[in-house]
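When a residue number appears, it is its place in the shown sequence, counting from 1.
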Amino acid sequence: MKLPPLSRRRFLLSGAAVAGSLIVGWGLLPPRQRMRAGAPLPLAEGEVALNGWITIAPDNTVGVVIPRAEMGQGVHTALAMLVAEELDVPLSSVRVLQAPNDKIYANLAVMRESLPFHPDDDGRLKPMAQHMLGKVARELGIVLTGGSSSVKDAWMPMREAGATARALLVTVAAREWKVPPEQVRTEDGYLFHDISQRRASYGSFAVMAAAASPHEVKLKEPHAFRLIGKGVHRLDSAAKSNGSAQFGIDARPEGMVYAALRMAPMFGGTIAGINPSEILDMPGVLSVIDFTNALEGQTGARGGVAVVARSYWQAKQAAAALPIRWEPGEHWNLSTDSIFSEFAEALDGDDGHAFHQVGDVEEASKGAMPITAEYRAPFLAHATMEPVNCTAQVKDGKVRLWLGTQVPSMAIDTAAKVGGVKAEHVELHECLLGGGFGRRLEVDMVAQAVAIARECQGRPVQVIWTREDDMTHDVYRPAALARFTASLDVAGNILYWDNRAASGALTPQFMRRNLGMPAAGPDKTTAEGLYDMPYEIPNQRISHVAVESAVPLGNWRSVGHSHNAFFKESFIDELAHAANRDPVAFRRSMLLRHPRHLTVLNSAIARAGKPGKGRAHGVALHESFGTIVAQVAEVSVEAKEIRVHKVVCAIDCGLVVNPNIVAQQIESSVIFGLSAALGGEITIKDGKVQQSNFGDYPVLRMNQAPHVETVVVLSAEPPEGVGEPAVPPVAPAVANAIFNLTGQRLRSLPLRLT
């Protein structure tokens, strides 16, 4: 048989078909294993690794590899508890080991959750797409702490690591004692055979266990948990109390010098002229280094110069005195007003991307009396307590970093690129973080530090940003404008809900800035908290218009939920009052098919009781990062000053690993969210950020902090996020309380009475 000639078109099409089949076939396979690392774990003398997560020493000390950054959220304790539970060891015997740079420690959950599916979507596409994206995440190997995903991602692999290690030890003990494995039990780091009254420590069998294969690996059922679910003390508390905890800014490698920065004060600004000779004779000054090229490709990147000196004070004083002329660039006239005008124009002329549609809004709105409202939220800075910093050394073909980071794998890749070495020649010493909130998902400080260190003849250099540097050169929470239109039927129920919003999109910026790759499709973060609401409204349309932003945008604690919850829960309250219905009863009537949400709402209301004299309650209900939160804020107003006295927060975050940590994160989130709700605002004029320190960007002080009461709703569902979900409901709960007190509907953040 003679085959027809193979044209170029046929060749390409057949190649595409084969590739498609391969992709589909690859997608059906399970993700790669997460038990064994690509390289052996670094071990102390006598230590043995039983898998990529667990080491055991002869003295029965257990090393647990933690692949997530400890930034105050208690992740070192929570993840260690997962292993300790399945391995049957006391938490007091656990030593935290920071994860090496290996793909088994990649965060799969955070990428799976980035898809814009509605929580109520129970179709086949959702699990398939999430499975595929989890496989992609495993291949990319990005080690990341964020998205309230640490426990969610680790829930299975770290428990499996503990259970596998325990099974290995049981198998070896049974073999050595010549008894059935079923007769060997474990408790507190020891193996027992009760019939013969034998007992041995894990450490005594660890070497043999490392070379064995497990007889049977079984995870514990929740009813058998002895550690998970208990409020145990955190592993990092002692070091943080006695001052021995090491943060990035505490790094002191031998021979270290310091660098202070001068960065362009305007977006897109560059250096027009500089005269280093005027400061080189100042005390301690060693050099002046232009690091602008290190930030090539960074969104909103601005030119910059470092002054290197023997002490930070000397570097800072000299940097302040350095004569620099700046070229303003194309954004010299950018302002907050012009940005919001652009948002309004975009909403006037563009329907945007529809993230969610139910029913027929156009048909439902015919002849209906519309209720409309417009809400806005400002840019926000992260304002972490530990200033941005990074210590770097470039010497003998290697780069060494001392850093607190949420993205160690990206920090290594950036250091390798700027330092001109391979990634395997970058040595990262991970430190604790004095606050992350999404700011340390960025690697700009790494690029700066390595670029400066290249010019320092092998000496380590510590780059420290001032608070003013940080406030004026952040990657900001996007500003946003949202418009709502709805109508009520004769019974006071919502007939239709039409919501459009406009803002910059942070994910494309983040991908270009940190990974050098484009982001495909609409950015879920722009509409999260709006399109995925649980309320059972028959006709819904939720869309978003993405507006190109000259302002660098980044992930801010709870991301798009942080402002979209304010928009959504405030407008729900408006409709309740328009219907002359109690706001709580109004919400309950739209949660008939959402029993978990209803339970959380009822739990918060029951615990809150009645407000005190001269005070009012405001309510908000919101789901984010898989967790449902309801808050009741008790508020008073005196001489236009808003005072929040108490916040009751009910939370369903699935199965709770450590209730103490949950309560701590709720308290932290409420304080963080209130700081933004009552005072957080970044404004722009002439292409420059106007705020510079806590004097004009206030955070909540101790005497302003409310009493926070946490109600954990018991659940048998797998663990969900805890670090962020209590941030979004704070602002609308307070705003709704203010309306109940004053009759003023505040539709802009921060909340200010007129």
Side-chain angles (χ1 to χ4, degrees), residues 62 64 66 68-87 89-96 145 148-155 158-159 162 188 220 222-242 245 385 432-437 557-558 600 603-604 607 625-631 646-673 702 705-727 730:
V62 177
V64 176
I66 303 293
R68 304 293 171 252
E70 179 58 77
M71 46 192 175
Q73 81 280 39
V75 71
H76 279 186
T77 304
L79 299 194
M81 289 173 69
L82 302 182
V83 169
E85 178 67 74
E86 295 290 351
L87 186 55
V89 296
L91 197 60
S92 58
S93 70
V94 168
R95 181 170 60 94
V96 170
T145 306
S148 295
S149 61
S150 293
V151 172
K152 181 188 302 187
D153 181 72
W155 176 243
M158 293 193 75
R159 288 178 62 210
D188 289 341
K220 290 183 180 180
H223 67 80
F225 289 158
R226 294 190 293 179
L227 183 61
I228 290 175
K230 287 187 167 52
V232 300
H233 295 304
R234 284 172 49 162
L235 297 177
D236 57 338
S237 296
K240 289 178 175 176
S241 299
N242 63 28
M385 290 297 102
L432 297 172
L433 286 65
F437 311 134
R557 191 176 187 179
S558 72
V600 172
S603 298
R607 183 64 63 90
F625 308 98
T627 291
I628 306 162
V629 174
Q631 291 183 358
K646 182 180 179 181
V647 176
V648 171
C649 181
I651 177 171
D652 180 346
C653 57
L655 195 149
V656 173
V657 174
N658 187 329
N660 288 357
I661 292 176
V662 172
Q664 291 161 7
Q665 283 299 286
I666 293 297
E667 292 162 9
S668 165
S669 296
V670 168
I671 299 300
F672 192 86
M702 288 182 70
H707 172 69
V708 179
E709 190 169 349
T710 302
V711 182
V712 176
V713 176
L714 296 180
S715 174
E717 297 295 323
E720 296 287 353
V722 170
E724 299 170 90
V727 173
V730 177

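Residues Val64 and Met158 meet the side-chain proximity criterion, which asks for heavy atoms closer than 4.5 Å. The shortest distance between side-chain heavy atoms of Val629 and Val600 does not fall below 4.5 Å. Side chains of Val96 and Leu235 form a contact here, defined as non-hydrogen atoms less than 4.5 Å apart. A 4.5 Å side-chain heavy-atom check between Pro706 and Ile671 finds at least one atom pair inside the cut-off. The side-chain heavy atoms of Phe625 and Ser558, taken from C-beta on, include a pair separated by under 4.5 Å. Using a 4.5 Å heavy-atom threshold, the side chains of Val151 and Val722 count as separate. No side-chain heavy atom of Lys152 sits under 4.5 Å from any side-chain heavy atom of Pro719. Under the 4.5 Å side-chain criterion, counting only non-hydrogen atoms from C-beta, Ser148 is in contact with Pro725.
Under 3.5 Å, the side chains of Arg68 and Ser149 contain no donor-acceptor pair of N or O atoms.
Among Arg557, Glu724, Gln664, the single residue meeting the side-chain hydrogen bond (donor to acceptor under 3.5 Å, both in side chains) criterion with Ser669 is Arg557.
With sequence neighbours excluded, the residues forming a ring-ring contact (aromatic ring centres under 6.0 Å, His included) with Phe672 are Phe437, Trp556, listed by chain and number. In this structure, the salt bridge (charged side-chain N to carboxylate O under 4.0 Å, His left out) partners of Lys220, at least two apart in sequence or on a different chain, are Glu85, Asp88.
Judged by distance alone, the side chain of Arg234 and the main-chain N or O of Gly72 form a donor-acceptor pair under 3.5 Å. Side chain of Ser93 to main chain of Val62: no donor-acceptor pair is present (N/O by atom type, distance under 3.5 Å, no hydrogens or angles). Within the 3.5 Å criterion, the main-chain N or O of Val662 finds no donor-acceptor partner in the side chain of Asn660. A distance-only check finds a donor-acceptor pair linking the side chain of Thr145 to the backbone of Ala69 [under 3.5 Å].
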task = Using the side-chain contact (heavy atoms from CB on, under 4.5 Å) rule, take Val730 and Val647 through it: C-alpha gap first, then chi angles, then the decisive distance, then the call.
result = CA-CA 8 Å; Val730 177; Val647 176; 5.5 Å; no
Candidate pair Thr77 and Ile661, rule side-chain contact (heavy atoms from CB on, under 4.5 Å), full reasoning = CA-CA 9 Å; Thr77 304; Ile661 292 176; 4.1 Å; yes
request  = Show the numbers, then the answer: is there a side-chain contact (heavy atoms from CB on, under 4.5 Å) between Asp652 and Glu717?
outcome  = CA-CA 9 Å; Asp652 180 346; Glu717 297 295 323; 5.7 Å; no
